[in-house]
Chemist: 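Could you have a look at this structure, given as structure tokens, before my questions?
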There are 2 protein chains.
Amino acid sequence: MRAAVLRNGEMIVRDDVPDPQAGFGQILVDVKACGICGSDLHFAKHGSTLVRLIRSMRGGPALGGSTVDVGRDVFMGHEFAAEVLEVGPDTQGPKPGVLVTSVPVMVTMSGVQDLAYSNDLPSGYGERMLLAAPFVLEVPNGLDARRAALTEPMAVGLHAVNRSAIAEGEGAIVMGAGPVGIAVIAALARRGVEPIVASDFSSMRRDLALRMGAHHAADPAAADVFDAWDEHAGGRQPVIFEAVGVPGVIDSALQAAPPKTRIVVVGVCMGDDSVTPFWGIAKELSIHFCFGYELEEFSDTLRAIAEGEVDVDPMITGQVGLDGVAQAFEDLGNPERHCKILVTA
Amino acid sequence: MRAAVLRNGEMIVRDDVPDPQAGFGQILVDVKACGICGSDLHFAKHGSTLVRLIRSMRGGPALGGSTVDVGRDVFMGHEFAAEVLEVGPDTQGPKPGVLVTSVPVMVTMSGVQDLAYSNDLPSGYGERMLLAAPFVLEVPNGLDARRAALTEPMAVGLHAVNRSAIAEGEGAIVMGAGPVGIAVIAALARRGVEPIVASDFSSMRRDLALRMGAHHAADPAAADVFDAWDEHAGGRQPVIFEAVGVPGVIDSALQAAPPKTRIVVVGVCMGDDSVTPFWGIAKELSIHFCFGYELEEFSDTLRAIAEGEVDVDPMITGQVGLDGVAQAFEDLGNPERHCKILVTA
């Protein structure tokens, strides 16, 4: 079958990928839509750094990439919706033709393995893939595959908001309105948090932030987001979401945060970062790093999208086939053009 | 009167400091004992950096040093016990001769001002000083001034433990067994936390950690503290207290911490530090920066010391007069000799 794979830092299309076969506990699906995630762009550029960081970490969870060999082809694509083709032997699962999605995790006798950043398991940037039957969710309400594919990134936002334990009377500052920041904004808006003050250098992203539920969107080039907060928050205490993920942003939050503030880091910064602990100490700040989501957050997000509580449509700014993946990786570098590009069958 | 002051990075003794006069709301006291704090050593070495950090911080609380001119003499010494000499006019306060202590804060019409790192207000390294009447606590139970002077640093440990929200069934790793780490260990032990696994390169400090309540003390030069934890904790989840306060320690905690761990930063690292956010993200760690204590924590600590719940005696490793302060600042650089040196009258 065909699949776009990462080879030597470039996305190329192979047509000789062995057809996956559904074994016990597995479901073979036909991928209908798969979102391109910023993590995939990071991995394409910094895969070996990431693998080194994972391997040098003590006591970490099993993570996609921990066993990957970046010298071989790497399968990626973990934000997918797909149609069931075949349920494995002795396995319970939806009927063929049913649209499903799943957390990107495969279960094997040796444990769980992420369905992305693998040398062996085809993932969402391929024609077909295997899912773990226990994690497969039917897409309800006739939701189409394009929107259903947004479940995964939107669940990341819900998880960050849950982890923040944002309370009645608190507002939110969301630094960065890329796909992660937008997912956070959508989850905050769904919870009724007010105000939500977002910031991004891109006017397209600021507009999208407002459409997705932010009350104000500041341009850091023109005005500090904390000034915008002071102007709009009416003395409320903010929770700060760091959804930029580049070096220096955590430190700028430490410098500017009001005393006793929680800084929720949901942007993934690779490599080293420089911080000034004294600012955190003097103001008794806390930093809460976030990763992924719980199963319940994933299924709740799918339900919320399917029932129209969250309209993800404005986030979808592009659509390509497998042959367009390499160009899409390039295009996503321009924040004025894109939020989420889907790879569709 | 006489006072040791910081002048051009050196501690010198002046005998021409104007005698403080108790005004309304103030109490004039005769300083009997004052502990030398690591923050004072930091300030002597890095005072101008600290002032720059405070002034470049947005939204911070009023902090000692924020208005100080390091080009002029600086009064320090914020861990004191003293005898009441005179209560200001129209002011309620203990009778002369009563031993008291206080949080190191002066109240004025223009707000609160820290009783340390000031160009104007004499503090604990002087013969006499003024206290704010509302914050003065009588030392109970006949506790002597030397032990009462330990109230302030021990309250820092209690505050860190309270802020950690350490729960039933959790143990603690305390990185660093200087005065701050020891205060954390004492507060953990008082709460019955088990196990408490400490680490320090100094054998004297490891011994002190064990005397003050740690169950195990690891030498990082010989064995990783997280290995010691794995060996002694019986599968419990630790809360990690970072009480070293030098660059790199927060990052080593991020690297080694088990998933979902809270890292409580109570060591004050001046200047920049380098961290690897990815480790925090992949394991969903959180960092809780701590500073100072609440009034209730200060008074509870005084009570605990006075009632013998915490024996601070092993921490007192030296005693000097005002003329010995400069040498004591030097001596405290050697972790094999000292924990806390008191300046006594």
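Hydrogens, waters and symmetry mates play no part in the numbers below; they use all other heavy atoms, side chains included. Chain identifiers are assigned alphabetically (A, B, ...) following the order of the sequence lines, protein sequences preceding nucleic acid strands; residue numbering begins at 1 within each chain.
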Chemist: For a quick check under 3.5 Å, do B:Ser48 and B:His46 share a side-chain donor-acceptor pair by atom type?
Modeler: no
Chemist: Go through the atoms of A:Thr261 and report whether side chain, backbone, both or neither lie under 4.5 Å from a heavy atom of chain B.
Modeler: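 Nothing of A:Thr261, per the 4.5 Å heavy-atom cut-off to chain B.
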Chemist: With only heavy atoms counted, which part of A:His42 is less than 4.5 Å from chain B, the side chain, the backbone, both or neither?
Modeler: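 Contact with chain B involves no heavy atom of A:His42 at all.
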Chemist: Tell me, which pairs form a side-chain hydrogen bond (donor to acceptor under 3.5 Å, both in side chains) where one or both residues lie in residues 174-183 of chain A, sequence neighbours left out?
Modeler: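 Of all non-adjacent pairs touching residues 174-183 of chain A, none passes side-chain hydrogen bond (donor to acceptor under 3.5 Å, both in side chains).
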Chemist: Are B:Leu6 and B:Tyr117 close enough that some pair of their side-chain heavy atoms sits under 4.5 Å apart?
Modeler: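 Answer no - side chains too far apart.
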Chemist: Listed by chain and number, what are the salt bridge (Lys or Arg N to Asp or Glu O under 4.0 Å) partners of A:Asp251, not counting sequence neighbours?
Modeler: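 Testing A:Asp251 for salt bridge (Lys or Arg N to Asp or Glu O under 4.0 Å), a comparison that skips the adjacent residues, returns none.
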Chemist: List the atom pairs, donor and acceptor, that lie under 3.5 Å between side-chain atoms in residues 166-182 of chain B and the rest of the protein, sequence neighbours left out.
Modeler:
unit_1, atom_1, unit_2, atom_2, d
B:Glu170, OE1, B:Ala167, N, 2.8
B:Glu170, OE1, B:Arg262, NH2, 2.8
B:Glu170, OE2, B:Arg262, NH1, 3.1

Chemist: Do the non-hydrogen side-chain atoms of B:Asn119 and B:Phe75 ever get within less than 4.5 Å of each other?
Modeler: no
Chemist: At a heavy-atom distance under 4.5 Å, which candidate from A:Val275, A:Ile281, A:Val265 has the highest pair count against chain B?
Modeler: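 Between A:Val275, A:Ile281, A:Val265, the count favours A:Ile281.
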Chemist: Measuring heavy-atom distances to chain B, does A:Ile250 have an atom under 4.5 Å in its side chain, in its backbone, in both, or in neither?
Modeler: side chain
Chemist: Just checking, is any N or O donor in the side chain of B:His159 or B:Glu296 under 3.5 Å from an acceptor N or O on the other one?
Modeler: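 Per modelled atom types, B:His159 and B:Glu296 side chains form no pair under 3.5 Å.
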Chemist: Which of residues 223-248 of chain A have a heavy atom under 4.5 Å from any heavy atom of chain B?
Modeler: A:Asp224, A:Phe226, A:Asp227, A:Asp230
Chemist: Shorter than 4.5 Å, heavy atoms on both sides: which option in A:Asp273, A:Thr276, A:Leu254 has the most such pairs with chain B?
Modeler: A:Asp273
Chemist: Does a side-chain heavy-atom distance below 4.5 Å link B:Val156 with B:Phe291?
Modeler: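 Contact flag for B:Val156/B:Phe291 side chains = no.
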